[in-house]
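Written below as structure tokens is the structure these notes are about.
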Amino acid sequence: MGSSSNGDRPWQSYHTAYTNAKAGMDGVDKEKVQRVIYEMSKGSKYFESEKRKEAFLKQKIDNLQAQRAKLTDKDISHFQQICDKKVVDLEASRDLSKIWLHSDMDAFYAAVETLGNPALRGKPLAVGSLSMISTANYEARKFGVRAAMPGFIAQKLCPDLTFVPPNFEKYTYYSNLTRKVFQKYDPNFIAMGLDEAYLDITETCNNRGISREEFADELRHAVYEETGLTCSAGVAPNRLLAKVCSDINKPNGQFIVPNDRNAVLSFISSLPIRKIGGIGKVTEHVLRDVLGINTCEEMLQKGALLCAMFSQCSTDFFLSVGLGLGSTGPPQHTLRKSISTERTFSATEEESFLFEKLADVAETLSKDMQKECLCGRTLTLKLKTATFEVRNRAVSLQRYIHSKEDILNYASKLLKAELPLSLRLMGLRMSQFRDDNLDPMQKTLTNFFISGEDATKSLTCISKSSGLEISDKQITNNGYLDSSFGNGSCFSNDSCNVSYESDYSLSNLLVEHNNNDGFGVNSVDDALSVKSNPSKREKMKELINFSEGEAVHLSNQKVEPLWVDDYICALCGIQLPPSFTEERQEHSDYHLAEMLQKEESTKMTRHLMQPERLVERTKKTGEGSRKKQKLSPKEDKHIPIEAFFIKCKKSL
DNA sequence: GGGGGAAGGACCA
DNA sequence: TTCCTGGTCCTTCCCCC
Ligand SMILES: Nc1ncnc2c1ncn2[C@H]1C[C@H](O)[C@@H](COP(=O)(O)OP(=O)(O)OP(=O)(O)O)O1
Ligand SMILES: [Mg+2]
């Protein structure tokens with residue numbers, strides 16, 4: 001149905017993301033929900049904007065259909081050959097030796113809120129506000145209420161709905177509890193966002209001689225014991241499938257696909273493609289309307305057409321989905337690439353208001369950057385007009401900035417160029433962080449302490465450990481629709497997500513080294529470097545209780561009093577005068593959290609440094625990535641300690 | 001051709 | 001009355017070497 005404009009049932013053609021069936025939508029009267037959403041949305045600016053987008057998508061689909069119609073039999077048999085070859089290669093890469101478990105908390109935010117306030121139990125609950133909700137519990141889902149639905153519509157669907165504002169500290173706390181459990185079962189587990197994790201349970205299952213079912217049961221029990229929260233689990237030979245599985249018996253359930261090719265193929269055969277991570281609303285529509293693909297199995301059946309119409313990248317991903325392949329190797333530890341903040345407000349074109357708002361956003365961004373000692377050189381202003389049109393305007397600078405003043409200065413210039421304009425949102429994003437092309441040398445200071453390196457010694461060991469980074473990109477993973485036939489929509493994979501959780505599971509406390517261009521090494525350097533002031537370095541060593549050649553136990557460290565000269569953070573060099581009490585508290589908390597986190601994962605770090613791990617990762621890289629690898633400068637560079645404290649600069 | 005920057009978009013939780 | 005936030009990755013298009 002869909003795109004036809006039907007007169008008597010107009011709501012049927014209005015598809016918003018949350019009308020799609022995911023978990024917990026079983027007994028829902030879909031038509032009624034759809035109608036309410038339509039009635040509530042009709043005529044709004046948002047609605048008009050969605051209609052424009054749908055029209056655009058329809059155009060894209062039409063183009064693709066025309067393209068498809070042009071294919072001759074000869075073309076098709078040619079692409080069939082290409083496809084067959086790809087399938088053979090992909091099949092050869094199938095790895096059934098690993099057992100992966102994906103764990104996903106049930107209605108996570110809502111469940112945590114219920115834990116803190118048992119009076120909410122059993123009642124429909126949404127976390128969020130009247131304008132937007134983050135998630136809803138299963139009682140609310142029965143009414144059609146879902147994540148990413150505006151609260152006022154949810155309230156219409158479910159008049160008794162209780163709203164609770166989100167409280168991320170709480171969620172982080174409970175998330176950490178779950179991670180304590182995961183850690184026990186797989187010290188190398190991969191955390192994704194706050195409520196998800198992947199565990200490689202191959203060894204545990206084999207060593208203990210327990211089945212996948214038993215393991216999943218035990219793990220879910222352990223999580224419940226620790227947190228009082230339920231989760232669902234999926235077990236499969238790769239992460240992509242494990243994630244699909246964890247959704248099947250939600251909530252509080254589990255589903256297993258054995259490590260057997262036939263089992264995988266039969267599981268995948270009738271699976272709707274939308275269940276696959278990386279296939280969203282647009283891809284689903286395109287593949288259905290252009291090629292009639294609904295299930296994963298049909299990806300293979302229509303393989304020749306896919307090869308004919310989509311990019312290499314896309315087809316490799318699609319075909320691998322059809323074969324039930326996914327990442328099995330250890331993932332990449334990626335560093336944060338950008339940091340951003342944005343605010344929505346009621347639309348206005350009043351310039352004084354907009355510039356005030358921009359100053360707020362700049363201040364927030366600057367503070368967030370300081371918490372993590374980041375300095376960037378590309379600033380992007382994001383605008384959303386009253387009509388929901390989104391614009392980005394970027395500048396790349398010669399120098400790295402992080403201060404509110406600098407950010408606001410450049411952001412204002414970008415904004416001025418767009419005015420006059422009625423806006424409902426403004427955001428700022430910083431990227432291109434200092435040293436971001438020198439991964440191998442980037443290291444967390446905490447690792448530095450753990451490694452117990454002498455300040456004056458080379459950092460061979462550290463760079464080795466961070467040099468371990470590999471690409472987890474697999475052939476199967478990222479695909480884009482060939483732009484020559486409509487434009488690029490992107491597909492990603494189960495493993496690409498590895499990056500999000502790095503916020504939590506992996507340290508982001510970067511300590512950068514001199515990027516030897518003679519620039520950008522000033523501020524903190526001036527204050528701390530041996531050259532400019534040897535006594536400062538001594539002071540710092542004292543302060544951080546540095547013991548030469550011996551690992552320091554971080555939990556015994558006091559993080560609080562590390563302000564060199566009472567205004568420079570000894571850990572990262574950022575400068576915060578004593579009067580900035582709140583900022584300093586936050587900053588200290590940040591370091592403390594990092595250290596605790598790091599300390600917990602020390603074992604993992606060590607493990608990763610072992611050679612066999614290296615080999616495995618290298619192999620994996622070779623298998624998957626078709627994209628050119630950026631070679632990281634491999635070297636035994638000698639990095640002096642002061643270079644480690646060259647941090648965010650004040651650039652004033 | 002490819003690198004880097006800018007703009008836009010799909011997708012995820 | 002009313003439709004979020006913060007992140008990733010990837011495309012295309014452009015300029016430049
Ligand atoms: N669009 C969104 N914006 C902001 N936060 C979101 C959004 N979607 C999801 N979240 C948050 C809230 C969720 O509790 C959390 C985890 O997402 P997810 O696992 O998909 O749902 P859930 O854990 O609430 O329910 P369940 O997993 O049982 O379906 O991420
Ligand atoms: Mg969940």
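By convention in this document, chain letters (A, B, ...) are assigned in the order of the sequence lines, proteins followed by strands, and residues within each chain are numbered from 1.
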Could you go step by step and tell me if A:Tyr109 and A:Phe168 meet the ring pair (Phe, Tyr, Trp, His ring centres under 6.0 Å) rule?
CA-CA 9 Å; A:Tyr109 296 178; A:Phe168 291 97; 5.7 Å; yes
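Residues meeting the side-chain hydrogen bond (donor to acceptor under 3.5 Å, both in side chains) test with A:Gln254, sequence neighbours left out: A:Arg220. Partners of A:Phe143 under the ring-ring contact (aromatic ring centres under 6.0 Å, His included) rule, at least two apart in sequence or in another chain, do not exist in this structure.
The side chain of A:Ser340 places an N or O atom within less than 4.0 Å of a non-bridging phosphate oxygen (OP1 or OP2) of C:dG7. The shortest distance between the side-chain N/O atoms of A:Ser396 and the OP1/OP2 oxygens of B:dA6 is below 4.0 Å. At least one side-chain nitrogen or oxygen of A:Arg343 sits closer than 4.0 Å to the OP1 or OP2 atom of C:dG6. Applying the 4.0 Å criterion to OP1 and OP2 of B:dC11, one finds that A:Lys281 has every side-chain N and O outside that range. OP1 or OP2 of C:dG6 sits under 4.0 Å from a side-chain N or O of A:Thr341.
Which of C:dT8, B:dA10, B:dA13 sits closest to the side chain of A:Ser338 comes down to C:dT8. Nearest nucleotide to the A:Arg336 side chain, out of C:dG7, B:dA10, C:dT5: C:dG7. Looking at the side chain of A:Val282, the nearest of the listed nucleotides B:dG8, B:dA6, B:dC11 is B:dC11. Across C:dC4, B:dA6, B:dA13, the shortest atom-to-atom separation from the side chain of A:Glu196 is found for B:dA13. In this structure, the nucleotide among B:dA13, C:dT2, B:dG8 sitting nearest to the side chain of A:Asp195 is B:dA13. Of the candidate nucleotides B:dA7, B:dC11, C:dC4, C:dC4 has the atom lying nearest to any side-chain atom of A:Phe388.
The nearest whole Å value for the distance from the CG atom in A:Asn392 to the C1' atom in B:dG9 is 10 Å. Look at CE on A:Met149: it is 14 Å from C1' on C:dC4, rounded to the nearest Å. Taking atom CG of residue A:Leu57 and atom P of nucleotide B:dG8, one finds them 19 Å apart after rounding to whole Å. When rounded to the nearest whole Å, the span between CG of A:Leu383 and P of B:dG9 equals 14 Å. Atom P of nucleotide C:dT2 and atom CD of A:Glu39 are separated by 15 Å, given to the nearest angstrom. Distance A:Ile37 CD1 to C:dT2 P: 17 Å, rounded to the nearest Å. Rounding to whole angstrom units, CG of residue A:Leu425 and P of C:dT2 are separated by 17 Å. A:Leu161 has its CG atom 20 Å from the P atom of C:dT2, to the nearest Å.
In this structure, A:Arg429 reaches the bases: a heavy-atom distance under 4.0 Å links it to at least one base atom across the strands shown. Note on A:Ser134: nothing from the nucleic acid sits closer than 4.0 angstrom, heavy atoms only. Backbone-only engagement by A:Lys384 is indicated by non-hydrogen atom pairs under 4.0 Å involving sugar-phosphate atoms exclusively. A:Ile339 comes within 4.0 angstrom of the backbone, heavy atoms only, and of no base.
Within a 6.0 Å radius of CZ in A:Phe353, more than 12 heavy atoms belonging to other residues, nucleotides or ligands are found. For A:Lys170, the NZ atom sits in a packed shell: over 12 heavy atoms of surrounding residues, nucleotides or ligands are nearer than 6.0 Å.
Test A:Ile37, A:Val145, A:Leu130 against A:Ile153 for side-chain contact (heavy atoms from CB on, under 4.5 Å) and you get one pass: A:Ile37. Looking at A:Leu381, A:Leu415, A:Leu428, A:Ile401 one by one, the single match for side-chain contact (heavy atoms from CB on, under 4.5 Å) with A:Tyr410 turns out to be A:Ile401.
No cation-pi contact links A:Arg35 to A:Tyr38, judged by a cut-off of 6.0 Å to the six-membered ring centre and 45° from its axis.
Each of A:Arg377 and A:Glu389 lies near DNA chain B, and the nucleotide nearest A:Arg377 is the one positioned closer to the 5' end. Judged by closest nucleotide on DNA chain C, A:Phe152 is the one of A:Phe152 and A:Lys382 placed further toward the 5' end.
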Counting Watson-Crick and G-U wobble pairs with both distances under 3.5 Å, what is the dot-bracket string for DNA chain C, 5' to 3', using [ ] for crossing pairs and | for pairs to another strand?
....|||||||||||||
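Checked for salt-bridge contact, A:Asp360 and A:Arg343 miss the test: no charged N lies under 4.0 Å from a carboxylate O.
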